[in-house]
Trainee: 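The structure under discussion is supplied below as structure tokens; questions concerning it will follow.
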Amino acid sequence: MRIKYLSTFFISAMLFSTTTFADLQKGIDAANIGDFETAKAEFEYLAQNNYAPGIYYLADLYANGHGVARDYNQAVLLYEQAVKLGYEDAMFALAVLYQDGKGVKVDSSKAAELFTQAAKKGVAAAQFNLGVLYTNGIGVAKDYELAIDWYTKAAAQNYTLAQFNLALMHFEGLGTPKSITKSYIWNTIAEFNGNKDASQSRKLDERKLSPSEIKLAKEKAEEIYQQIVAGKYVDGRRI
């Protein structure tokens with residue numbers, strides 16, 4: 001199973017107090033139009049006031065070399081500050097650096113620890129990555145059941161890579177009884193989100209199912225997908 005760790009420069013608005021939100025939003029807006037000088041000034045001001053989101057976004061500038069020379073060491077220091085303040089996106093970003101060995105030595109155990117912290121705070125990408133670690137035994141003991149639990153958490157947030165990996169787990173019978181029907185269902189759900197690999201896998205599943213099984217699986221996939229979109233999907237699994 002392929003491992004794909006996600007690390008993107010992603011700017012989005014979040015809800016905070018009016019004053020700090022205005023400063024943060026000004027920095028976010030500036031970054032989104034490529035005005036990194038203004039963004040850096042705003043994020044530095046917030047960082048000086050120990051404001052976790054500001055510290056995190058400032059770290060992102062250094063990690064990606066936006067408006068500054070790329071400096072992973074500085075990014076690590078800033079992410080660490082934000083992590084100490086409990087900021088989940090910084091936990092994820094720092095985990096990726098430990099996984100890739102950027103600004104720090106490669107440390108899969110530390111990466112797993114940080115992914116776990118972020119995953120428990122609901123970061124879907126961290127939940128997916130943690131599932132990959134448990135699937136492959138990287139930084140943690142291999143545990144297919146835990147992998148499925150974390151994939152399910154991410155899939156419930158409509159995270160298509162996790163949906164596709166759930167299909168693979170059911171197809172291979174890893175941590176769960178082998179089920180072509182469940183593989184078909186999760187491949188279909190991932191396909192709804194445009195996952196081309198899932199589309200190909202779903203077609204392979206289809207060859208092994210009867211017309212009546214396909215009909216029921218399609219209906220179940222649609223039902224689960226609607227629950228996911230509505231934020232109401234629960235399958236009874238627990239971490």
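In what follows, every heavy atom counts, from backbone to side chain, and hydrogens, waters and symmetry copies are set aside.
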Trainee: Counting neighbours of OH on Y45 that are heavy atoms of other residues, nucleotides or ligands and sit closer than 6.0 Å, is the number greater than 12?
Mentor: no
Trainee: Where do F128 and Y151 land on the side chain to side chain contact (heavy atoms under 4.5 Å, CB included) test, with the steps shown first?
Mentor: CA-CA 5 Å; F128 166 74; Y151 288 145; 4.0 Å; yes
Trainee: Measure the OH-CG distance between Y51 and L85 for me, rounded to the nearest 0.5 Å.
Mentor: 11.0 Å
Trainee: Below 4.5 Å, heavy atoms only, C-beta onward: do F192 and E222 meet side chain to side chain?
Mentor: yes
Trainee: Do N187 and Q163 get their side chains close enough for a donor-acceptor pair, meaning under 3.5 Å?
Mentor: no
Trainee: Quick check: closest heavy atoms across W150 and Q127, and the distance to 0.1 Å?
Mentor: CB-O, 3.4 Å
Trainee: Does a side-chain heavy-atom distance below 4.5 Å link Y134 with D149?
Mentor: no
Trainee: Using only atom types and a distance under 3.5 Å, with no angle test, would you say the side chain of D35 pairs donor to acceptor with the backbone of A30?
Mentor: no
Trainee: Does I189 share a hydrophobic cluster with Y184, counting links as ILVMFWY side-chain heavy atoms below 4.5 Å and allowing steps through other members?
Mentor: no
Trainee: Is there a side chain to side chain contact (heavy atoms under 4.5 Å, CB included) between V83 and Q117? Walk through the geometry before answering.
Mentor: CA-CA 9 Å; V83 166; Q117 291 177 34; 4.2 Å; yes
Trainee: Verify, without hydrogens or angle tests, whether Y98 (side chain) and V106 (backbone) share a donor-acceptor contact under 3.5 angstrom.
Mentor: no
Trainee: With the side chain counted from C-beta on, respond yes when I28 and Y57 share a heavy-atom pair under 4.5 Å apart, and no when they do not.
Mentor: yes
Trainee: At their closest point, which heavy atom of A95 faces which heavy atom of L114, and how far apart are they?
Mentor: CB-CB, 3.6 Å
Trainee: Any donor and acceptor pair, going by atom type alone, linking the side chain of N136 with main-chain N or O of V132 inside 3.5 Å?
Mentor: yes
Trainee: Rounded to the nearest 0.5 Å, how far does CG of D197 lie from CD of E191?
Mentor: 11.0 Å
Trainee: Taking the side chain as everything from C-beta on, heavy atoms only, tell me whether N158 gets closer than 4.5 Å to Y225.
Mentor: yes
Trainee: Distance from Y159 atom OH to F164 atom CZ, nearest 0.5 Å?
Mentor: 14.0 Å
Trainee: Taking atom CG of L58 and atom CG of L77, what is their separation to the nearest 0.5 Å?
Mentor: 11.0 Å
Trainee: Do side-chain atoms of K178 reach the backbone of F171 as a donor and acceptor pair under 3.5 angstrom?
Mentor: yes
Trainee: List the steps and the verdict of side chain to side chain contact (heavy atoms under 4.5 Å, CB included) for F43 and D60.
Mentor: CA-CA 10 Å; F43 297 151; D60 263 4; over 6 Å; no
Trainee: Give me the atom names and distance for the closest heavy-atom approach of L174 to I148.
Mentor: O-CD1, 3.1 Å
Trainee: What verdict does the side chain to side chain contact (heavy atoms under 4.5 Å, CB included) test give for L166 and I185, after you've listed the backbone C-alpha separation in whole Å, the side-chain angles of each residue and the deciding distance to 0.1 Å?
Mentor: CA-CA 10 Å; L166 271 178; I185 288 170; over 6 Å; no
Trainee: So, are R202 and E206 salt-bridged, with charged N and O less than 4.0 Å apart?
Mentor: yes
Trainee: With distance as the sole test, does D100 use its side chain to make a donor-acceptor pair with the main-chain N or O of K102 at under 3.5 Å?
Mentor: no
Trainee: To the nearest 0.5 Å, tell me how far S183 OG sits from L204 CG.
Mentor: 9.0 Å
Trainee: Before you tell me yes or no, could you show the steps for E37 and K40 under salt bridge (Lys or Arg N to Asp or Glu O under 4.0 Å), namely the whole-Å CA-CA distance, both residues' side-chain angles and the distance that decides it to 0.1 Å?
Mentor: CA-CA 5 Å; E37 182 178 351; K40 181 173 179 287; over 6 Å; no
Trainee: Do you reckon V68 sits in the same ILVMFWY cluster as L97, going by side-chain contacts under 4.5 Å, direct or chained?
Mentor: yes
Trainee: Between the side chains of S212 and S210, does any donor sit under 3.5 Å from an acceptor?
Mentor: yes
Trainee: Are F115 and F92 close enough that their ring centres sit under 6.0 Å apart?
Mentor: yes
Trainee: Between K84 and E80, does any NZ, NE, NH1 or NH2 come within less than 4.0 Å of an OD or OE carboxylate oxygen?
Mentor: no
Trainee: Are L61 and Y72 connected in a single hydrophobic cluster, I mean Ile/Leu/Val/Met/Phe/Trp/Tyr linked by side-chain heavy atoms less than 4.5 Å apart?
Mentor: yes
Trainee: Can you tell me how the ring of H66 sits relative to the ring of F36, calling it parallel under 30°, perpendicular over 60° and tilted otherwise?
Mentor: parallel
Trainee: Please examine the side chains of T188 and D205, heavy atoms only from C-beta on, and report whether any two atoms are closer than 4.5 Å.
Mentor: no
Trainee: Compare every heavy atom of E145 with every heavy atom of G175, then report the nearest pair and how far apart it is.
Mentor: O-CG, 3.5 Å
Trainee: Compare every heavy atom of A52 with every heavy atom of Y87, then report the nearest pair and how far apart it is.
Mentor: CB-CB, 3.9 Å
Trainee: E44 and Q48: side-chain donor and acceptor closer than 3.5 Å?
Mentor: no
Trainee: Determine whether Q99 and I138 make a side-chain contact, defined as any pair of heavy atoms from C-beta on separated by less than 4.5 Å.
Mentor: yes
Trainee: Considering all heavy atoms of both residues, which atom of L130 and which atom of A119 are nearest to each other, and what is their separation?
Mentor: CD2-CB, 4.0 Å
Trainee: Any salt bridge between K110 and E113, counting N to O under 4.0 Å?
Mentor: yes
Trainee: OG1/T135 to CG/N165 distance, rounded to the nearest 0.5 angstrom?
Mentor: 6.5 Å
